Asker: 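Encoded as structure tokens, here's the structure I'll be asking about.
Note that the coordinates shown come from a computational prediction; the quantities given were computed from them, not determined experimentally.
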Amino acid sequence: MPTTPTVFSTRARRVLLRSISFVAVATLTATACGGSDEPIGSLTLTSDPADETGEPDVALPDEIPTELVITDLTEGTGEPAGEGDAVLVYYVGVLSKDGTRFDGNFGMQPFPVTLGRGMVIPGWDQGLIGVKAGGRRQLDIPAELAYGEQGAGEAIGPNEALSFVVDVLAVIPQVDPSLEPTGDVAARDAVTSVVAEDLDEGDGVEAEIGDTVVINLVAYRADTGELLQSTWQSPEPPTLALVSGATLEGFIEGIAGMKVGGRREITVPFALAFGDEGSAELGLPEKTDLVVIVDLLAAF
């Protein structure tokens, strides 16, 4: 089965994310709909699986599909997914001819798909273009856009048309490295509470405490404005759980209230960041406040 590469592509990213997130990052693995044994995406989660399955029934098509049929049962909100974007989904799949269920992941870890890479069946690669966060879409897929003449294991025979209901948890846009904040920031006096300023407000879903967020960030020393590290080194955006004990308290407070698509500058007092000790790995001295510029890509 395909495996998903870890989110950390450089030592700097590894140090930064390990530092701000106290929970071991669980790498998602593709277990269904794969077209090869190659990585399908780059998304990781720090949140727990869904507590209840909530798996929907799949309404069978009136006729076995001979072309891809896309039906939006719930439209969702926000920017539609395009080629190169990642989507995080729950799904259930059945045989179109009789409704025999062969796979699904409701009640388990969400499934990450990066569109346009050919790492899932063509019916998914084509059929998930345009989905929005919070949407539910049915895909009725002809055999030639599924597993064709070879089928897939014992569950899916040759020339089987497939029907899926897919719930879209999040749409994570493809990272554009040219948008990374560059240079140092202005040095500032020490603070005793989190100070947040929206540089770009965004217009998507608002992140709340308890959510999981997908972000990019750049970290600076507050006392000098010196650039420390960035997560923009790779097109694989990290995730954080906005949960006490899972992520630094200053990050939870500073990110909560952001809207997807927004950029926020957050000054975090050392007591809510790395404390009296600072972080030698990050190059942050003891009792030193931290400044981060956060881009919010998704929240769910």
Asker: Closest approach of P238 and N216, non-hydrogen atoms and distance?
Answerer: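 Closest heavy-atom pair between P238 and N216: CD-OD1, 4.0 Å.
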Asker: Sort out for me which residue in V291, V185, V218 forms a side chain to side chain contact (heavy atoms under 4.5 Å, CB included) with L227.
Answerer: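 Single pass found, and it is V218.
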Asker: Any side-chain heavy atom of I129 sitting closer than 4.5 Å to one from I70?
Answerer: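 Result no, sub-4.5 Å side-chain heavy-atom pair not found.
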Asker: Should D295 and L179 count as side-chain neighbours, where that means a heavy-atom distance under 4.5 Å?
Answerer: no
Asker: Measure across I255 and A207 and return the closest heavy-atom pair with its distance rounded to 0.1 Å.
Answerer: O-CB, 4.1 Å
Asker: With respect to F164, which candidate in Y90, F106, F111, W124 satisfies the ring pair (Phe, Tyr, Trp, His ring centres under 6.0 Å) definition?
Answerer: W124
Asker: In Å and rounded to the nearest 0.5 Å, what is the OH to CG distance from Y220 to L290?
Answerer: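 Interatomic distance, Y220 OH to L290 CG, rounded to 0.5 Å: 11.0 Å.
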Asker: How about D203: does its CG atom have over 12 heavy atoms from other parts shown lying under 6.0 Å from it?
Answerer: no
Asker: Please indicate whether E79 has more than 12 foreign heavy atoms, meaning atoms of other residues, nucleotides or ligands, lying under 6.0 Å from its CD.
Answerer: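 Counting other residues, nucleotides and ligands, CD of E79 stays at 12 neighbours or fewer.
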Asker: For the NZ atom on K287, are there more than 12 heavy atoms of other groups (residues, nucleotides or ligands in this structure) within a distance under 6.0 Å?
Answerer: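 Open: at most 12 neighbouring heavy atoms sit under 6.0 Å from NZ of K287.
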Asker: Give a yes or no on whether D189 atom CG has more than 12 heavy-atom contacts from other residues, nucleotides or ligands under 6.0 Å away.
Answerer: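 Open.
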Asker: How about CG on D98, more than 12 heavy atoms from neighbouring residues, nucleotides or ligands closer than 6.0 Å, or not?
Answerer: yes
Asker: Counting neighbours of CD on E149 that are heavy atoms of other residues, nucleotides or ligands and sit closer than 6.0 Å, is the number greater than 12?
Answerer: no
Asker: Got a sec: does the CG of D276 have more than 12 other heavy atoms crowding it under 6.0 Å?
Answerer: yes
